[in-house]
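Just so it is clear, the model here is predicted, and its values are computed rather than measured. A note on names: the letters A, B, ... follow the listed sequences, proteins ahead of strands, and every chain is numbered from 1.
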Amino acid sequence: DVKVTQSSRYLVKRTGEKVFLECVQDMDHENMFWYRQDPGLGLRLIYFSYDVKMKEKGDIPEGYSVSREKKERFSLILESASTNQTSMYLCASRLDGHEKLFFGSGTQLSVL
Amino acid sequence: DQQVKQNSPSLSVQEGRISILNCDYTNSMFDYFLWYKKYPAEGPTFLISISSIKDKNEDGRFTVFLNKSAKHLSLHIVPSQPGDSAVYFCAAIQTSYDKVIFGPGTSLSVIP
């Protein structure tokens with residue numbers, strides 16, 4: 001079974017703080033994704049990566065950056081957290097050429 | 001503008017009856033569709049998928065129907081069980097472009 005692990009289930013940060021969300025997958029998947037889930041908006045793609053050191057902007061990249069130094073790890077960085085970044089953040093991975101995404105359990109981030 | 005729409009934010013069904021969740025899309029280039037199920041405080045899990053070359057795919061109690069001319073798909077759950085209570089996300093892919101677009105989700109409640 002594919003395991004996608006997100007480092008924190010719940011996180012509370014202050015406005016202006018730099019925030020790191022970590023995601024690790026154990027199935028040697030090439031593709032990794034960061035989504036945020038908000039009520040009524042579904043899952044929106046922030047950034048994705050097709051392979052190590054590669055990154056592509058999704059639909060809502062503003063205020064975020066990512067890092068993929070190793071194949072199994074994909075980090076989402078909030079450079080200066082703002083209250084409108086309070087959300088559920090979901091990491092996913094996928095084998096290259098396949099459609100199915102495997103998700104982590106999510107990180108509920110609150111920015112105060 | 002949302003490319004994948006789930007116009008019913010919520011649905012209540014009696015245990016044992018059929019649940020029908022609907023999804024509409026606007027991009028005729030989408031050629032693969034997936035349904036994901038999400039429990040609170042967990043990541044979405046893959047349920048069932050369908051390629052645009054088919055009009056039906058069945059897996060146990062779950063059947064997905066695709067009407068390409070209407071740009072509409074539906075997920076049927078028969079019989080519905082209380083454990084099916086969750087949020088269901090429809091997702092669409094244009095495989096040449098390789099981006100997964102999610103709908104806003106429908107919250108299903110199966111009443112015992």
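Contact annotation: the side chain of B:Val100 never approaches that of A:Phe48 to less than 4.5 Å [non-hydrogen atoms, C-beta and beyond]. Residues B:Lys38 and A:Phe103 are not in side-chain contact: their nearest non-hydrogen atoms beyond the backbone lie 4.5 Å or more apart. Contact annotation: the side chain of A:Asp59 approaches that of B:Ile101 to within less than 4.5 Å [non-hydrogen atoms, C-beta and beyond].
Interatomic distance, B:Glu42 CD to A:Met88 CE, rounded to the nearest 0.5 Å: 10.0 Å.
Neither the backbone nor the side chain of A:Phe33 comes within contact range of chain B; no heavy atoms are under 4.5 Å apart. Neither the backbone nor the side chain of B:Pro9 comes within contact range of chain A; no heavy atoms are under 4.5 Å apart. Residue contact with chain A, scored on non-hydrogen atoms closer than 4.5 Å, involves the side chain of B:Tyr36 exclusively. For a residue to count as touching a neighbouring chain, one of its non-hydrogen atoms must lie under 4.5 Å from one of that chain's; by this rule A:Glu56 does not touch chain B. In this structure, no portion of A:Gln108 lies under 4.5 Å from any heavy atom of chain B. Of the two parts of B:Ala91, neither the backbone nor the side chain holds a non-hydrogen atom closer than 4.5 Å to a non-hydrogen atom of chain A. Proximity to chain B is absent for every atom of A:Arg44, based on heavy atoms less than 4.5 angstrom apart.
For the set A:Ala92, A:Pro39, A:Gly106, A:Ser105, the entry with the most heavy-atom pairs within less than 4.5 Å of chain B is A:Ser105. With chain B as partner, the option from A:Leu101, A:Asn31, A:Asp38 having the largest number of non-hydrogen pairs under 4.5 angstrom is A:Leu101. Of the listed residues A:Gly42, A:Gly97, A:Gly104, A:Cys91, the one with more heavy-atom pairs under 4.5 angstrom with chain B than any other is A:Gly42.
A:Val111 and A:Leu76 fall within a single hydrophobic cluster, where Ile, Leu, Val, Met, Phe, Trp and Tyr side chains are chained together by heavy-atom contacts under 4.5 Å. Residue A:Leu11 is grouped with residue A:Tyr89 when hydrophobic side chains (ILVMFWY) are merged at heavy-atom distances under 4.5 angstrom, including chains of intermediate members. Under a hydrophobic-cluster definition in which Ile, Leu, Val, Met, Phe, Trp and Tyr are linked whenever side-chain heavy atoms come within less than 4.5 Å, directly or via other members, B:Ile50 and B:Val4 are assigned to the same cluster. Under the 4.5 Å side-chain contact rule for hydrophobic residues, A:Leu41 and B:Leu21 do not share a cluster. When the side chains of ILVMFWY residues are joined at heavy-atom separations under 4.5 Å, either directly or via intervening members, B:Phe33 and B:Tyr88 end up in a single hydrophobic cluster.
Closest non-hydrogen pair, A:Gly40 versus B:Pro104, comes out as O-CB, 3.4 Å. Taking both residues in full, the closest heavy atoms of B:Pro44 and A:Leu43 are given as CG-CD2, 4.1 Å, listed atom of the first, atom of the second, then distance.
In B:Arg17, the CZ atom is not crowded: 12 or fewer heavy atoms of neighbouring residues, nucleotides or ligands sit closer than 6.0 Å. Within 6.0 Å of NZ on A:Lys71 lie more than 12 heavy atoms contributed by other residues, nucleotides or ligands.
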